[in-house]
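Report on the following structure.
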Amino acid sequence: MVEWSEQERTIITSIFASLDYEDIGPKALSRCLIVYPWTQRYFGAFGNLYNAEAIKTNPNIAAHGIKVLHGLDRAVKNMDNIKATYAELSVLHSEKLHVDPDNFKLLSDCLTIVIAAKMGSSFTPEIQATWQKFLAVVVSALGRQYH
Amino acid sequence: MLSKREKKLIAEIWEKLTPVAEDIGSDALLRMFASFPGTKTYFSHLDISARSTHLLSHGKKIVLAIAEGAKDISQLTVTLAPLQTLHAYQLRIDPSNFKLFSHCMLVTLACHMGDDFTPVAHAAMDKYLSAFAAVLAEKYR
């Protein structure tokens with residue numbers, strides 16, 4: 001089981017409390033599709049992804065980004081049991097969506113960049129380390145049910 | 001592959017950051033040491049605490065090398081030849097660590113540039129840092 005100190009819990013919950021999911025979600029997902037264009041392979045049905053502008057203004061991508069962030073919210077609310085919380089989502093991504101689990105890290109890196117840009121110098125190295133730990137647990141849990 | 005426009009963008013960004021090379025470099029290193037403690041093993045001979053002389057001078061060295069490479073990206077193998085030899089025969093840093101440093105450099109740039117670190121700039125920078133790391137490791141074997 002993953003051990004969280006009181007300080008780590010506070011860091012994660014306050015970062016999420018400061019986020020506007022409707023803003024950050026779309027930003028993170030669209031950034032992922034722009035920086036790592038091969039991830040667009042999973043979004044063939046989402047419409048125009050032809051260039052960065054199209055991706056940034058695509059309403060389907062925006063809606064999906066918000067969904068993803070709300071999904072992360074579940075981990076924040078269940079930090080002591082992220083693996084169990086994500087068991088079903090992991091099966092979904094493996095069996096139904098057929099997403100290469102390496103992609104989870106790509107999206108989580110883009111989310112980190114978006115949050116860093118928003119928080120500036122208050123995203124200190126120590127806060128980043130806790131944030132990276134949280135995302136590593138999330139990524140691992142999402143890949144757990146792949147066989 | 002970096003387009004002409006991307007190469008120009010990268011060169012511009014690093015030219016602007018050269019005056020604050022110390023701050024950018026030491027920030028990226030600190031982030032890497034905090035998030036990926038295994039990377040500290042390469043620095044047991046230095047004082048790498050925040051604002052230490054070693055950290056600042058080392059950070060500056062790294063950023064100036066990255067900035068120098070950015071001036072003419074098509075000539076990276078020529079520009080980095082001495083550093084290639086250094087890393088292959090003396091430092092022998094496992095190349096997986098270059099990825100960790102690059103990630104932390106991207107975070108530093110995001111914190112520093114805010115919204116100016118657009119997805120397009122981020123993509124170009126990620127590509128440049130990957131190319132830089134690949135060239136650096138070329139003489140390893």
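Throughout, protein chains are lettered first and strands after them, A, B, ... in sequence-line order, and every chain is numbered starting at 1.
Connection of L17(B) to L30(B) is established within a shared hydrophobic cluster, with ILVMFWY side chains joined at heavy-atom distances below 4.5 Å, either directly or through further cluster members. In terms of hydrophobic clustering, with Ile, Leu, Val, Met, Phe, Trp and Tyr side chains grouped at heavy-atom distances under 4.5 Å, V99(A) and L69(A) are assigned to a common cluster. By the rule that hydrophobic residues join a cluster once side-chain heavy atoms approach within less than 4.5 Å of another member, F98(B) and Y36(A) end up as members of separate clusters. Hydrophobic cluster membership differs between Y89(B) and L136(B), with clusters built from Ile, Leu, Val, Met, Phe, Trp and Tyr side chains linked at under 4.5 angstrom. Hydrophobic clustering places L100(B) together with L55(B) (ILVMFWY residues linked when any side-chain heavy atoms are closer than 4.5 Å, directly or through intermediates).
Surrounding CG of D20(A) are more than 12 heavy atoms belonging to other residues, nucleotides or ligands, all under 6.0 Å away. The environment of CZ in R9(A) is crowded: more than 12 heavy-atom neighbours from other residues, nucleotides or ligands sit within 6.0 Å. The number of heavy-atom neighbours closer than 6.0 Å to CD of E12(B), taken from other residues, nucleotides and ligands shown, is above 12. Heavy atoms of other residues, nucleotides or ligands lying less than 6.0 angstrom from NZ of K118(A) number more than 12. Taking a 6.0 Å sphere around NZ of K56(A), one finds it holds more than 12 heavy atoms contributed by other residues, nucleotides or ligands.
Among residues two or more places apart in sequence or in another chain, the ring-ring contact (aromatic ring centres under 6.0 Å, His included) test is passed with H93(A) by F104(A).
Neither the backbone nor the side chain of F33(B) has a heavy atom closer than 4.5 Å to any heavy atom of chain A. With a threshold of 4.5 angstrom between heavy atoms, K133(A) does not approach chain B through any atom at all. Only the backbone of T118(B) comes within contact range of chain A, judged by heavy atoms closer than 4.5 Å.
Contacts of residues 120-132 of chain B with chain A at a heavy-atom distance below 4.5 Å involve V120(B), H122(B), A123(B), D126(B), listed in sequence order.
P125(A) and A34(B) make their closest contact through O-CB, 3.6 Å (heavy atoms, listed as atom of the first residue, atom of the second, distance). Taking each heavy atom of A116(A) and A110(B) in turn, the nearest pair found is CB-CB, 3.8 Å.
Ranked by non-hydrogen atom pairs under 4.5 Å with chain B, the options T112(A), L33(A), D109(A), I115(A) are led by D109(A). Top candidate by heavy-atom pairs under 4.5 Å with chain B, chosen from I34(A), I113(A), T124(A), is I113(A).
In this structure the side chain of C111(B) never reaches within 4.5 angstrom of the side chain of M119(A), judged on heavy atoms. H103(B) has its side chain within reach of Q132(A): a pair of non-hydrogen atoms, C-beta onward, lies under 4.5 Å apart.
One finds the CG atom of D27(B) at 8.5 Å from the CD atom of Q128(A) (value rounded to the nearest 0.5 Å).
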